[in-house]
Amino acid sequence: MNLLEGLNHAQREAVVYSEGPQLIFAGAGSGKTRVLTYKIAYLIQKDLFRAHQILAVTFTNKAAKELKNRVEDFVGPLGKFINVGTFHSVCARILREEITILGYTKNFTIYDTTDQLSIIKQIIKNENIEPEKVTPNAILNKISKLKSDNIMPEAFVARKFIPVEELTERIYPFYQQTLKRCNALDFDDLLILPVKIFKKNPEILAKYQDRFKYILVDEYQDTNKTQFLLISMLSGKYNNICVVGDDDQSIYSWRGADIQNILDFEQTFRNSKTFKLEQNYRSTKKIISAASAVVQNNTLRADKNIFSENEEGENIEFIDGMNEYDEATKIGFAIEREIRSKKLNFKDIAILYRTNAQSRVLETILNRQKIPNAIIGGVRFYERKEVKDIVAYYKFFANVKDDESFRRIINTPPRGIGKKTIDTLDDFSHQKDINLFEGLMSLDKMDLTARAKTSLENFLKFITDYQKLLESVSLEEWARMMIDGLGYFNYLKSGDTEEAIQRTANISELLNAISDYCSTTENPTLQGYLEEVALVSDIDAWQDQKNAISLMTLHSAKGLEFPVVFISGLNQGLLPLGNALDDDKQLNEERRLFYVGITRAEKKLYLTAARTRNFRGLDSLASPSQFLQEIPAELICNLPFQGSRRNISPEFEDAEETSSASIAIHREYVRKDIGHQAVHSFQKKEPVQQTTTSTGKVPEIGMRVTHKIFGTGTITAKVGFGHNPKLTIRFNSHGIKTIFGKFVNIID
DNA sequence: ATCTGCCTCATTTTT
DNA sequence: TGAGGCAGAT
């Protein structure tokens, strides 16, 4: 088969070029994956490189798998020898071979964010550091940021009088030591340690330069400095590197991605050649026009002109809800209409949002409307308590130096080892600078009660027994036997409560996943399984064959496409997100995120917003996103809030009153789960009850009041004057609400 | 040692 | 709103 058929001119040029560094600017929907696949197949077919000499780095494991399969379609079984993976998984593979040179062992553990945070908190405690209103989270973010810039503790100097930096300077060295003592790596270590090894050991670098003679990197706009160093080192000898990306789709600067990597490519890699794919095959003309118009508002972007020769298409549709429930309900109705009129399947439709928290309301309402839906992300399977417990055991068996897992399992299920005993062990180990498990080995030297000692000895025996067992039975069998030996099912109260049933089911699910792993992997190991678990992304776990509406964040949607797309929550403060509002750089990134969202849509795009939203239990006014204005009016129907309504005007305040009252009523329905009808009647805009008559008194802070729905409460804040100011009220049984004065009665 | 309930606090996106 | 931390009860 001729590989070059079915490619346009620009795509063909990009595929065929193979004389050195190559940058492909690939606009959204321009056939990027196609070019990557064809290019790899071309390199192999033309015998320019052997399959195993090619390294392709993708953004998700799912994309890696797809790429591999598609290459195999062209070049046959040979294709499975190409090296494909995410930066993190490729690096993990390198480290499994080379890490001993840094003093770690090959069975290292990969720590997740919870583990990282826990370490920071312990350091703060152990070193008696006064956290002066800097959260552990802020420190962790700072450390991660440093690591993505390839700055290790010894190279970091804090700027004076910047508390986060000063604290980080103190904590970072301890943090890194702790990881090493635990034989554990965080996500950033996976990238930074190979760089460290390559720098110090040219012979090891040379080995990998010869192993990976041709390197391709997808989504290059989202690489950070460490990733850049990695690929420039690896490609340093043969200079065969091809990167693909789109600066307009850079959405990961918050985790260190540096858009400069792609913008500077031509200067950094000498004799490079740049290609541009500008024709979009995915979306209608109207969608592309809207996307271009929006992104044009950004500064600092490479010059490009994306166009579509597809049909004109339908207008973009704006939907306006009273509140987020109303917004979701209207999305549901629109989905039904789309499916009926265009004979679509549920899986042809996606709802995108800025934050995971938004999925809850959408899910509730869609379920009520009986629209099958699947949430990607949110509370992940491996984050659930029972699953984390068991996985912590597995992690500990794979690497007994893993103190974080040790802490988690030492008394779960409860075996009589309490806080005091653990503190003793902790102090002992900390003083001797050894792992908790090593400390446990010399428990005779500790000052403990006989009872505590026995409990610890039993635990130790359990561990050694099952360590031995692991050597004599298959991983799959062992995984189950270990859980049985623990009595974990009993601990879950083998029983009838809804919760226990769910948790037991999750453990079974976990065992299934292990069976799956064992039967699809050539040489299954505990450590290999754990690595897979640590590096799966939400999208990797997505079962796209299922016929359901997909709900996911805009970030997760990168690289995907759907005939019909809803972008929800187009409110100021949400998209763009709150603190991006006064920072131009961040605002640019939010806009790119919106751009990514728009360009996921093939045929029809809906943009939705709500007039009020509940934030942390507080109903508050929401104004439409500034991005809506950036879409040319002729491309969109029902654009609201035009003219004077942009700013909060008296007219607008009225709207708020009615809606906050209806929200209260609505929410009460939801609470009582009268649900279905409630939502529909809400839809029909039942007249709002203008209930209470004013008592004649002016509400003041500290007064007790009653409300028709929320009962009694106390006024804690007031905005405005007279009989009808905006009040913040702490209700006895409904928490804090913001309500207008005329809806409450003052108690004498 | 373990459990319960109250209080406080909050950035959001993910490997 | 909801998770996590902590004090006090069992």
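To find a chain, count down the sequence lines: A is the first, B the second, and so on, and within it residues start at 1.
Note: CD1 (A:Ile422) to P (B:dA1) measures 9 Å, nearest angstrom. For the pair A:Gln116 CD and B:dT15 P, the interatomic distance rounds to 14 Å; values are reported in whole Å. The distance between atom CG of A:Leu577 and atom P of B:dT12, rounded to the nearest whole Å, is 7 Å. Rounded to whole Å, atom C1' of B:dT13 lies 13 Å from atom CZ of A:Arg592. Atom CG in A:Leu575 sits about 19 Å away from atom P in B:dT11, given to the nearest Å. Distance CD (A:Glu383) to P (B:dT15): 11 Å, rounded to an integer number of Å. Atom CZ of A:Arg384 and atom C1' of C:dA3 are 16 Å apart (whole Å). Taking atom CG on A:Leu117 and atom P on B:dA10, their separation rounds to 14 Å, with Å as the unit.
In this structure, A:Asn411 reaches the B:dT2 phosphate: one of its side-chain N or O atoms is under 4.0 Å from OP1 or OP2. For the pair A:Arg360 and C:dG2, the criterion of a side-chain N or O lying under 4.0 Å from OP1 or OP2 is met. For B:dT13, the OP1/OP2 oxygens have a side-chain nitrogen or oxygen of A:Asn356 closer than 4.0 Å. For A:Lys121 and C:dG5, the shortest distance from a side-chain N or O to OP1 or OP2 is below 4.0 Å. Between B:dA1 and A:Thr421, a contact under 4.0 Å exists linking OP1 or OP2 to a side-chain N or O. For the OP1/OP2 pair of B:dT15 and a distance below 4.0 Å, the side-chain nitrogens and oxygens of A:Ser537 include at least one atom meeting the criterion.
Note that CG of A:Asp583 is 10.5 Å distant from CD of A:Glu589, once rounded to the nearest 0.5 Å.
A cation-pi arrangement is absent between A:Arg613 and A:Phe615 under the rule of less than 6.0 angstrom and at most 45 degrees off the ring axis.
Nearest to the side-chain atoms of A:Thr355 among the listed nucleotides B:dT12, B:dA1, B:dT15 stands B:dT12. Distances from the side chain of A:Thr86 to the nucleotides B:dT12, B:dT15, B:dT14 place B:dT15 closest. Checking B:dT2, B:dA1, C:dT1 against every side-chain atom of A:Pro414, the shortest atom distance belongs to B:dT2. Listed nucleotides: B:dT14, B:dA1, B:dT15. Nearest to the side chain of A:Thr553: B:dT14.
Nucleotides of DNA chain B nearest to A:Ala138 and A:Asp188 differ in position, and the one nearer the 5' end is that of A:Ala138. Residues A:Phe615 and A:Gly416 each lie close to DNA chain B; by heavy-atom proximity, the contact nearer the 5' end of the strand is made by A:Gly416.
Between the base of B:dT13 and the side chain of A:Arg255 there is no donor-acceptor pair shorter than 3.5 Å. A donor-acceptor contact under 3.5 Å links the side chain of A:Asn579 to the base of B:dT11. Counting atom types as modelled, A:Trp254 pairs a side-chain N or O with a base atom of B:dT13 as donor and acceptor under 3.5 Å.
Of the N and O atoms on the side chains of A:Gln176 and A:Asp189, at least one donor lies less than 3.5 Å from an acceptor on the other residue. For the residue pair A:Arg592/A:Gln221, the side-chain donor-acceptor check at 3.5 Å is not satisfied. If you check the side chains of A:Asn323 and A:Asn614, you find no donor sitting under 3.5 Å from an acceptor.
Among the atoms of the strands shown, none is found under 4.0 Å from any heavy atom of A:Ser89. The residue A:Tyr252 sits close only to the backbone: its heavy atoms come under 4.0 Å of sugar-phosphate atoms, none of a base. Note on A:Asn137: nothing from the nucleic acid sits closer than 4.0 angstrom, heavy atoms only.
Exactly one of A:Arg384, A:Arg408, A:Arg503 qualifies for a salt bridge (Lys or Arg N to Asp or Glu O under 4.0 Å) with A:Asp389. That residue is A:Arg408.
For B:dT13 and C:dG4, the P atoms lie 15 Å apart once the distance is rounded to whole Å.
Residue-nucleotide stacking is not present for A:Phe87 and B:dT15, judged by a side-chain ring centre under 5.5 Å from the six-membered base ring centre and planes under 30° apart.
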Q: Mind running salt bridge (Lys or Arg N to Asp or Glu O under 4.0 Å) on A:Glu531 and A:Arg93 for me, showing each step along the way?
A: CA-CA 10 Å; A:Glu531 181 170 310; A:Arg93 262 177 262 154; 5.8 Å; no
